[in-house]
*Asks:* 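Have a look at the structure that comes next, please.
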Amino acid sequence: MRKKIVAGNWKMNTLLKDGMELAQAVEKLTSEKSNQALVIIAPPFTHLSKVRELIDHVKLSAQNCASEASGAYTGEVSPEMLVSAGAEYVILGHSERRSYYKEENELLNKKVKLALSKRLKPIYCCGEVLEERESGRLFDVVRAQLEVGLKDLSEQEIDQVVIAYEPVWAIGTGVVASPDQAQEMHKFIRDLLGELFSKQVAEHMSILYGGSCKPSNAEELFANPDVDGGLIGGASLVAEDFMAIVNAF
Ligand code: 13P
């Protein structure tokens with residue numbers, strides 16, 4: 001059985017106090033119910049170690065990490081620092097990092113490998129922009145993101161990775177992918193993993209959907225055979241909404 005996962009990407013939201021309250025609320029709701037899905041939250045860097053003290057049933061993720069292990073890289077945060085603050089996962093390749101900070105597949109491959117070498121599990125994001133979908137290039141774009149971003153990983157390493165498909169046109173827009181659109185791309189990703197790694201890796205991979213996922217649409221998205229959960233932005237900032245998505249399983 002593949003792991004079902006619902007992860008909340010808080011992005012650059014919440015001050016420390018609000019973030020701590022939100023984490024506490026998510027922890028409480030998670031602990032009260034036996035969930036089908038693993039619950040992960042990804043607060044800003046500044047909140048990680050405080051939030052770690054407040055959670056037990058919920059796993060902790062960072063939203064980014066450096067591509068270098070240590071040294072003179074002002075402003076960067078290394079995977080090892082994140083682990084020392086209590087993080088178990090790191091989101092890499094989010095479309096906002098790709099577009100605003102020009103992070104490309106080669107750099108992301110370096111980050112993925114470094115994170116894995118420090119026992120930090122990447123939640124590796126991929127997805128096309130609207131123009132790429134409309135011109136029919138969506139599968140080529142996602143293929144390159146996975147082929148290059150996950151290049152040269154051993155089977156043991158790829159087994160620690162979670163993939164999130166986030167069509168960029170659906171992020172923060174209120175326009176969610178249809179269940180069929182999500183399933184079509186998730187199946188493509190799973191088949192591609194079979195080609196790049198092995199059938200076993202493909203079968204074992206949790207592939208999350210992200211982009212305007214809400215309590216009202218989570219159930220029909222998660223009902224698809226190749227959709228193993230969600231990476232949630234806006235709705236993860238309200239504990240009840242986030243947990244309603246977790247409970248959609
Ligand atoms: P929204 O859920 O706000 O559309 O954001 C999705 C996302 O980017 C999660 O990483």
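The analysis underlying the following values was restricted to heavy atoms, covering all of them including side chains, and did not include hydrogens, waters or symmetry mates. What you are looking at is a predicted structure, and each value in this text was computed from that prediction instead of being measured. Both ligands and their constituent atoms are indexed starting at 1 by order of listing. All residue numbers in this chain count up from 1 along the given sequence.
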*Asks:* Just to verify, what does Lys17 make a side-chain hydrogen bond (donor to acceptor under 3.5 Å, both in side chains) with, not counting sequence neighbours?
*Replies:* Glu21
*Asks:* Should Arg97 and Glu103 count as an ion pair when the cut-off is N to O under 4.0 Å?
*Replies:*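 The answer is yes: the pair qualifies as a salt bridge.
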*Asks:* What pairs of residues pass the side chain to side chain donor-acceptor pair (under 3.5 Å) test when at least one of them lies in residues 86-96, not counting sequence neighbours?
*Replies:*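 For residues 86-96: Lys11-Glu96, Glu88-Lys121, His94-Glu166.
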*Asks:* Indicate the ring-plane relationship of Phe249 and Phe222, choosing parallel, tilted or perpendicular according to the 30° and 60° boundaries.
*Replies:*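 Judged by the thresholds at 30° and 60°, the geometry between Phe249 and Phe222 is parallel.
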*Asks:* Could you give the N/O to N/O pairs under 3.5 Å linking ligand 1 and the protein, each with its distance?
*Replies:*
| residue | atom | partner | partner atom | Å |
| --- | --- | --- | --- | --- |
| ligand 1 | 2 (O) | Gly233 | N | 2.9 |
| ligand 1 | 3 (O) | Gly234 | N | 2.8 |
| ligand 1 | 4 (O) | Gly172 | N | 2.7 |
| ligand 1 | 4 (O) | Ser212 | N | 2.7 |
| ligand 1 | 5 (O) | Lys11 | NZ | 3.3 |
| ligand 1 | 8 (O) | Lys11 | NZ | 2.8 |
| ligand 1 | 8 (O) | His94 | NE2 | 2.8 |
| ligand 1 | 8 (O) | Glu166 | OE1 | 3.4 |
| ligand 1 | 10 (O) | Asn9 | ND2 | 3.0 |
| ligand 1 | 10 (O) | His94 | NE2 | 2.9 |
| ligand 1 | 10 (O) | Glu166 | OE1 | 3.2 |
| ligand 1 | 10 (O) | Glu166 | OE2 | 2.9 |

*Asks:* Side chains of residues 231-247: which donor-acceptor pairs under 3.5 Å do they make with residues two or more places apart or in other chains?
*Replies:*
| residue | atom | partner | partner atom | Å |
| --- | --- | --- | --- | --- |
| Ser236 | OG | Ile232 | O | 3.2 |
| Ser236 | OG | Gly233 | O | 2.7 |
| Asn247 | ND2 | Met243 | O | 3.1 |

*Asks:* If you group Ile, Leu, Val, Met, Phe, Trp and Tyr by side-chain heavy-atom gaps below 4.5 Å, do Val162 and Leu192 land in one group?
*Replies:* no
